[in-house]
Chemist: 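Below is a structure I'd like to ask you about.
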Number of protein chains: 2
Amino acid sequence: MKNNIRGLRKAMKISQEELAKRSNVSRQTINAIENNKYDPTLNLAFTIAYLLNTNVDDLFQFEIKENKRR
Amino acid sequence: MKNNIRGLRKAMKISQEELAKRSNVSRQTINAIENNKYDPTLNLAFTIAYLLNTNVDDLFQFEIKENKRR
DNA sequence: ATAAAATGTAAAACATATTTGACATTTTTC
DNA sequence: GAAAAATGTCAAATATGTTTTACATTTTAT
């Protein structure tokens with residue numbers, strides 16, 4: 001799962017620290033997500049999308065992985 | 001965070017078990033999410049939205065909680 | 001070139017999501 | 001109304017996300 005948080009954040013000219021404060025998470029969390037260390041929770045995804053004036057579906061690029069049906 | 005998984009799933013006439021299989025998660029997970037016990041991960045949210053022919057922003061109703069800035 | 005700000009990273013503790021197995025209740029089908 | 005299918009729920013174990021503290025490196029501003 002990729003995302004363009006960094007791009008939109010920079011366009012808005014705010015730091016990871018600032019986005020973290022507005023999102024009520026730690027700076028490390030924003031940093032980790034921007035660097036694709038892990039995905040945010042659904043709640044945080046919605047919060048960040050809201051703060052960056054976009055939506056979850058546009059902010060995150062989900063690649064469908066097809067399912068070998070059990 | 002609310003969602004309309006149950007509604008779309010029933011419209012599609014598949015069981016929780018079937019949606020679980022297609023999503024590669026357990027039936028209990030689908031059940032818990034439909035009953036708002038907890039939110040799915042971002043990945044699972046995207047997967048379910050995809051399977052139900054919708055998107056994350058439409059499938060989940062996120063209520064913005066305003067932030068008492070630190 | 002130096003100081004300040006921003007970013008990267010790591011480990012331990014804690015929080016939340018998911019699985020598995022099991023059983024009870026409700027709904028659907030015949 | 002009995003059987004089968006679907007749904008609800010619980011506990012313990014595992015996986016993943018988040019916080020805190022701390023420090024190193026990179027970038028920006030002067």
Side-chain angles (χ1 to χ4, degrees):
Chain A
M1 180 101 63
K2 292 182 180 177
N3 69 75
N4 192 28
I5 294 174
R6 179 159 299 167
L8 296 180
R9 176 177 62 76
K10 289 199 166 174
M12 194 171 273
K13 295 195 182 301
I14 61 175
S15 64
Q16 292 182 344
E17 171 93 38
E18 179 61 21
L19 181 57
K21 279 179 184 161
R22 296 186 190 181
S23 308
N24 281 321
V25 294
S26 70
R27 177 180 66 82
Q28 287 81 342
T29 294
I30 298 295
N31 184 73
I33 294 166
E34 282 193 358
N35 288 299
N36 292 297
K37 300 296 176 57
Y38 49 72
D39 294 327
T41 58
L42 186 56
N43 242 286
L44 182 52
F46 268 101
T47 299
I48 293 174
Y50 169 76
L51 291 170
L52 296 178
N53 300 309
T54 185
N55 52 60
V56 173
D57 290 288
D58 286 341
L59 187 55
F60 296 88
Q61 289 83 49
F62 174 66
E63 54 265 18
I64 311 108
K65 61 174 54 175
E66 279 311 337
N67 178 4
K68 47 283 176 186
R69 197 67 168 296
R70 293 166 234 175
Chain B
M1 180 100 63
K2 293 181 178 176
N3 69 75
N4 191 29
I5 294 175
R6 179 159 298 167
L8 296 179
R9 175 177 62 76
K10 289 198 166 175
M12 193 171 274
K13 294 195 181 303
I14 61 175
S15 65
Q16 292 181 346
E17 170 94 37
E18 179 60 22
L19 180 56
K21 278 179 184 161
R22 296 186 190 181
S23 307
N24 282 322
V25 294
S26 70
R27 177 180 65 81
Q28 287 83 338
T29 294
I30 297 296
N31 183 74
I33 294 166
E34 282 193 357
N35 289 297
N36 291 297
K37 300 296 176 59
Y38 49 72
D39 294 326
T41 58
L42 187 57
N43 242 287
L44 182 52
F46 268 101
T47 299
I48 294 175
Y50 169 76
L51 291 170
L52 295 178
N53 300 309
T54 184
N55 51 60
V56 172
D57 290 288
D58 286 341
L59 188 55
F60 296 88
Q61 290 82 49
F62 174 65
E63 55 265 18
I64 310 106
K65 59 174 55 176
E66 278 312 337
N67 178 2
K68 49 283 177 189
R69 197 68 167 297
R70 297 167 233 173

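Treat the numbers as computed from the prediction; the structure is a model and nothing was measured. In what follows, chains are A, B, ... by sequence order, proteins preceding strands, each numbered from 1.
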Chemist: Identify which nucleotide among C:dT19, D:dT9, D:dT19 has an atom closest to any side-chain atom of B:Ser26, counting heavy atoms from C-beta outward.
Modeler: C:dT19
Chemist: Base, sugar-phosphate or nothing for B:Thr29? Non-hydrogen atoms, less than 4.0 Å.
Modeler: base
Chemist: Rounded to the nearest 0.5 Å, how far apart are CD of B:Glu34 and OG1 of B:Thr29?
Modeler: 11.5 Å
Chemist: Just wondering, do A:Leu44 and A:Ile33 contact through their side chains at under 4.5 Å, heavy atoms?
Modeler: yes
Chemist: Using atom types as modelled and distance alone, determine if a side-chain donor or acceptor of A:Asp57 lies under 3.5 Å from a backbone N or O of B:Val56.
Modeler: yes
Chemist: Taking atom C1' of C:dT19 as reference, at what distance in whole Å does atom CG of B:Leu44 sit?
Modeler: 13 Å
Chemist: Start at the 5' end of DNA chain D and walk down; is the nucleotide closest to B:Thr41 or to B:Ala32 reached first?
Modeler: B:Ala32
Chemist: Can you say whether a donor on the side chain of A:Gln28 sits under 3.5 Å from an acceptor on the base of D:dT21, or the other way round?
Modeler: yes
Chemist: Given atom NZ of A:Lys21 and atom P of D:dT19, what is their separation to the nearest angstrom?
Modeler: 14 Å
Chemist: For B:Asn43 and C:dT19, give me the distance from atom CG to atom C1', rounded to whole Å.
Modeler: 17 Å
Chemist: In Å and rounded to the nearest 0.5 Å, what is the CZ to CG distance from A:Arg6 to A:Asn31?
Modeler: 6.5 Å
Chemist: Output the distance between atom CG (B:Leu19) and atom CZ (B:Arg9), rounded to the nearest 0.5 Å.
Modeler: 7.0 Å
Chemist: Without decimals, in angstroms, what is the distance between B:Ile30 CD1 and D:dT9 C1'?
Modeler: 16 Å
Chemist: Could you work out which one of D:dT7, C:dT18, C:dT9 sits closest to the side chain of A:Lys37?
Modeler: C:dT9
Chemist: Please round to the nearest 0.5 Å and tell me the distance separating atom CG of B:Asp58 and atom CG of B:Asn53.
Modeler: 12.0 Å
Chemist: How long is the line joining CG of A:Asn24 and P of C:dA15, in whole Å?
Modeler: 17 Å
Chemist: Has A:Arg9 got a side-chain N or O lying under 4.0 Å from the OP1 or OP2 atom of C:dA6?
Modeler: no
Chemist: Select base, sugar-phosphate, or nothing to describe what A:Glu34 touches, counting heavy atoms under 4.0 Å on all strands.
Modeler: nothing
Chemist: Looking for any heavy atom pair under 4.0 Å, which part of the strands does A:Ser15 touch: base, sugar-phosphate only, or nothing?
Modeler: sugar-phosphate
Chemist: A:Asn31 side chain N/O closer than 4.0 Å to the phosphate oxygens (OP1, OP2) of C:dG8?
Modeler: yes
Chemist: Would you tell me if any nitrogen or oxygen in the side chain of A:Asn35 comes within less than 4.0 Å of OP1 or OP2 on C:dT7?
Modeler: no
Chemist: Want to settle it: does B:Lys10 or B:Leu42 sit nearer the 5' end of DNA chain C, counting the closest nucleotide to each?
Modeler: B:Leu42
Chemist: Whole angstroms only, please: what is the CG-C1' distance between B:Asn36 and C:dT16?
Modeler: 15 Å
Chemist: Can you find a side chain N or O atom of B:Arg6 that sits less than 4.0 Å from OP1 or OP2 on D:dG8?
Modeler: yes
Chemist: Kindly point out which of C:dT7, D:dG17, D:dT19 is positioned nearest to the side chain of A:Arg27?
Modeler: C:dT7
Chemist: A:Gln16 has an atom CD; how far is it from atom C1' of D:dT28, in whole Å?
Modeler: 15 Å
Chemist: Out of C:dA17, C:dT7, D:dG8, which has the shortest distance to the side chain of B:Tyr38?
Modeler: C:dA17
Chemist: Once you round it to whole Å, what is the distance between C1' of C:dG8 and CD1 of A:Ile33?
Modeler: 15 Å
